[in-house]
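So the structure is just underneath, and the comments pick up after that.
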Amino acid sequence: MSDRIRPPRPPYSPARFAPAAALLAALFANPPGHAAAAATPAPAASAASDAPAVANSELDGRLLYELLVGEMALNGGDNGGAYELILDAARRTKDATLFRRAVDIALQGRAGDKALEAARAWREAQPASLEPLRLQLQILMLLNRPTALAEPLKALLAQTPVVELPGLISALPRLLQRAADPKSVAQVVQQQLEPYRRLPATRAVALVAQGRCWLVAKDADRALALAREAHAADPKSADAAALALELMHDKPEAEALAQDYLQRPDADSALRLSYVRVLTRAQRYADAVTQLDAVTRAQPDLAPPFLTLGALQLELKHAKEGEAALIHYLDLVRKSAPAKPAAEDASASMPETAEADDDEPAESATDAGQVQAWLMLAQSAESRGDYAAAEQWLAHVDDPKRALEVQTRRASILVHQGQLKQALELVRQVPERNKDDARAKLLAEAGLQRDAKDWKGAFETLAQANQRFVDDPDLLYEQAMMAEKTGRADEMERLLRRVIELKPDNAQAHNALGYALADRGQRLTEARAYIQRALDLAPGDPYITDSLGWVEFRLGNRDQAAALLERAYASRPDPEIGAHLGEVLWTLGRQIEARKVWAEARALDRDNDVLRETLTRLHVNL
């Protein structure tokens, strides 16, 4: 049938009255004013006098008429008329379904005051119900009336059964989190929860809820004080420890609360994994590995932690431990996978991750984890020169959506064999489904050229990419790094300043600019300001801490530099950080320590340019 010629639509299409049908079905199932009848089996035939009395529905002619007319008005665009009819019916019947419908109609018509009116009417009709109180709070939040929250919040807390109070108090920050004026909301919550801070059963949870609200209001000092008080009141409170983790970005000292909780033998593994995520974001990989070891010992049959553990161990250059964790992850996934029916197991040669049809569900987390594990195992095998093993791992991935990742890994193997031209061609042959694919291919090409130390080629590839994708911060940053490699210091600085202009919160751009100035011994005070800003944006980042230590060394503050670099190296044993730490220790007369650090760094990466240059310049033979 032509799209231009269609049969006329029936004036009363059933689809137009779907809401009315659903509403009427709900009302017939649970007549207004009556509780739903229990579904009990009918007894055997008996005397008529034994038959249960029939509960007559209150859905009389007038009510049915109002509901139908109301829904027709709504479908005709008359939200106001529909609201009045449904609310009137709700008031007469005192039925929760109708009150909820009136609220929904008001919100659909963006009539916040009407929705509030319906919620209040519901509360008056059913004073013992908690649902209209919760709804009233949410509507007040939408209307940005935080000062009006006090009365319904107080009532909700007072009417909630004692056994349910901790759960309600814990949920309050989420219930009230979308406030336009979070400070006013925090003040209301602080006031209304004060009585519950004096009760042993709710003391810790009330303190945590207050702390979360102040954290949303960007008062980290008050939030931290409340977290400490909650932890002191209940050292086994996982909620207090979770609040501490949320505070770590702004208040690093909050970490001590989480660590104290996690020392408990019954510490929640889910919270420990949250701590791992925080540590990983801060690039404190060694600390994250310690926590993951605890998780995997406590739950040896839980697969996902082994995937993360393997990734971090490889990042720390612990190839043996990383590969073992990843292989164990794959074994656990394979053992836990449900057996497929014989009809589905069509062939033993079918790839483990056969591509699904477009109509099938998206890739599951387990499937995605397996692909990540195979790719990481391939990269690890490649790094130790076992290209056959790398190819075997890559052969497991049979997903067209991951083609670029697989081909990039194969191309990297070619680069290691001195075949850059063939490697670039392999990546260029990958089909482009959209602009994101095109951008990713350009980044992959530049990465291959960088690995081959073709700095000029990488710079030119990124320059072309930046002409195609104008003002892309990631591409500009990568081009800046290649500008530095080709000796174009001014161009590097210009590009990094543009990245900072586009993304003022880009910690890596601030760090790169500050470190480049420090490494050249130029404008050291300005360099330190850039690096300090980067550390403010990414507290605890070991690479940025390394940069700060390096600029302090350039400024002549050698003891301070050594302390910073030791902290960075302990958090992230990296060859470049080791090169810097060793040089500072050497100049402080601590040659034995310096040699030990350099030897460790060389064991991690014998070909690191910074480490080799440092040893050559200082005439050190290991």
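When all heavy atoms of Ser380 and Ala319 are compared, the pair lying nearest together is OG-CB, 4.0 Å. A pairwise comparison of heavy atoms in Leu442 and Ala465 identifies CD1-CB, 3.7 Å as the closest pair. Residues Leu424 and Glu445 come closest through the heavy atom pair CD2-O, 3.7 Å. Taking all atoms of both residues into account, the shortest heavy-atom contact from Ala444 to Val427 is CB-CG1, 4.1 Å. The nearest pair of heavy atoms linking Leu462 to Met482 is CD1-CG, 3.8 Å. Considering every non-hydrogen atom in both Leu585 and Ala594, the closest pair reads CB-CB, 4.0 Å.
In this structure, the separation between CZ on Arg264 and NZ on Lys236 is 7.0 Å, given to the nearest 0.5 Å. Here the straight-line distance linking atom CZ of Arg612 with atom CZ of Arg606 works out to 10.5 Å at 0.5 Å rounding. Distance CG/Leu175 to OG/Ser170: 11.5 Å, rounded to 0.5 Å. Taken from CG in Leu326 to CD in Glu321, the straight-line distance is 11.5 Å, to the nearest 0.5 Å. In this structure, Arg284 CZ and Thr280 OG1 are separated by 10.5 Å, a value rounded to the nearest 0.5 Å. Note that CG of Leu565 is 10.0 Å distant from CD of Glu583, once rounded to the nearest 0.5 Å.
Under the 3.5 Å distance criterion, the side-chain polar atoms of Arg528 are left unmatched by any main-chain donor or acceptor of Leu548. Of the possible polar contacts, one joining the His249 side chain to the Leu537 backbone as a donor-acceptor pair under 3.5 Å is found. For Thr461 (side chain) and Gly457 (main-chain N/O), a donor-acceptor pair under 3.5 Å exists by modelled atom type. In this structure, the side chain of Arg595 does not engage the main chain of Trp586 through any donor-acceptor pair within 3.5 Å. Lys317 places no side-chain N or O within donor-acceptor distance of the main-chain N or O of Asp605, the cut-off being under 3.5 Å. With hydrogens and angles disregarded, a donor-acceptor distance shorter than 3.5 Å links the side chain of Tyr261 to the backbone of Asp268. Put simply, the side chain of Ser571 never gets that close to the backbone of Ala568: no donor and acceptor are under 3.5 Å apart. Proximity of a side-chain donor or acceptor of Arg272 to a complementary backbone N or O of Leu262 within less than 3.5 Å is detected.
Annotation: side chain of Tyr530 is not in contact with side chain of Val551 (no heavy-atom distance under 4.5 Å). Residues Asp546 and Leu564 form no side-chain contact, since every pair of their non-hydrogen atoms from C-beta on lies 4.5 Å or further apart. Under the 4.5 Å side-chain criterion, counting only non-hydrogen atoms from C-beta, Leu604 is not in contact with Asp574. Looking only at side-chain heavy atoms (C-beta outward), Leu375 and Gln372 stay at 4.5 Å or farther from each other. With contacts defined as side-chain heavy-atom distances shorter than 4.5 Å, the pair Leu377/Leu330 qualifies. For the pair Tyr275 and Met248, the minimum side-chain heavy-atom distance is below 4.5 Å. Put simply, the side chain of Lys218 does not reach to within 4.5 Å of the side chain of Asp250, judged on heavy atoms. A heavy-atom distance below 4.5 Å is found between the side chains of Tyr543 and Ile577.
Counting heavy-atom neighbours within 6.0 Å of Arg174 CZ, excluding the residue itself, gives a total of 12 or less. Within a 6.0 Å sphere centred on CG of Asn434, heavy atoms belonging to other residues, nucleotides or ligands number more than 12. Heavy-atom contacts from other residues, nucleotides or ligands closer than 6.0 Å to CD1 of Ile592 number 12 or fewer.
Salt-bridge check for Arg439 with Glu478: failed, with every basic side-chain N at 4.0 Å or more from each acidic carboxylate O. A salt bridge is defined here as a Lys NZ or Arg NE, NH1 or NH2 lying under 4.0 Å from an Asp or Glu carboxylate O, and Arg384 with Asp386 meets this definition. Salt bridge present: Asp471 and Arg498 bring a charged side-chain N and a carboxylate O closer than 4.0 Å. Between Arg402 and Asp399 there is no salt bridge, since no side-chain nitrogen of the basic residue lies less than 4.0 Å from a carboxylate oxygen of the acidic one. Using a 4.0 Å cut-off between charged side-chain N and carboxylate O, Glu593 and Lys596 make no salt bridge. In this structure, Lys453 pairs ionically with Asp609, as a charged nitrogen and a carboxylate oxygen lie closer than 4.0 Å. Taking a cutoff of 4.0 Å between a charged side-chain nitrogen and a carboxylate oxygen, Arg497 and Glu493 qualify as a salt bridge.
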Subject >> Verdict with supporting geometry, Leu535 and Ile531, side-chain contact (heavy atoms from CB on, under 4.5 Å) >> reply: CA-CA 6 Å; Leu535 206 54; Ile531 296 169; 5.6 Å; no
**OP:** Check the pair Arg572, Leu316 against side-chain contact (heavy atoms from CB on, under 4.5 Å), reporting the backbone distance first and the verdict last.
**Re:** CA-CA 7 Å; Arg572 184 73 186 273; Leu316 290 169; 4.1 Å; yes
**OP:** Give the C-alpha distance, both sets of side-chain angles, the deciding distance and a yes or no for side-chain contact (heavy atoms from CB on, under 4.5 Å) between Gln508 and Ile544.
**Re:** CA-CA 8 Å; Gln508 299 310 317; Ile544 302 175; 4.3 Å; yes
**OP:** Assess whether side-chain contact (heavy atoms from CB on, under 4.5 Å) is satisfied between Glu460 and Gln449, documenting all intermediate values.
**Re:** CA-CA 10 Å; Glu460 292 173 351; Gln449 291 166 317; over 6 Å; no
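Using cut-offs of 30° and 60° on the angle between ring planes, the pair Tyr387 and His416 is tilted. Between His396 and Trp374, the two ring planes are parallel [angle under 30°; tilted spans 30° to 60°].
In this structure, a donor-acceptor pair under 3.5 Å is present between the side chains of Ser274 and Arg277.
When each of Lys485, Gln479, Arg450 is paired with Phe459, the side chain to side chain contact (heavy atoms under 4.5 Å, CB included) condition holds for Gln479 and for no other. Remark: of the listed residues Glu491, Met492, Glu484, Glu491 is the sole one forming a side chain to side chain contact (heavy atoms under 4.5 Å, CB included) with Arg488.
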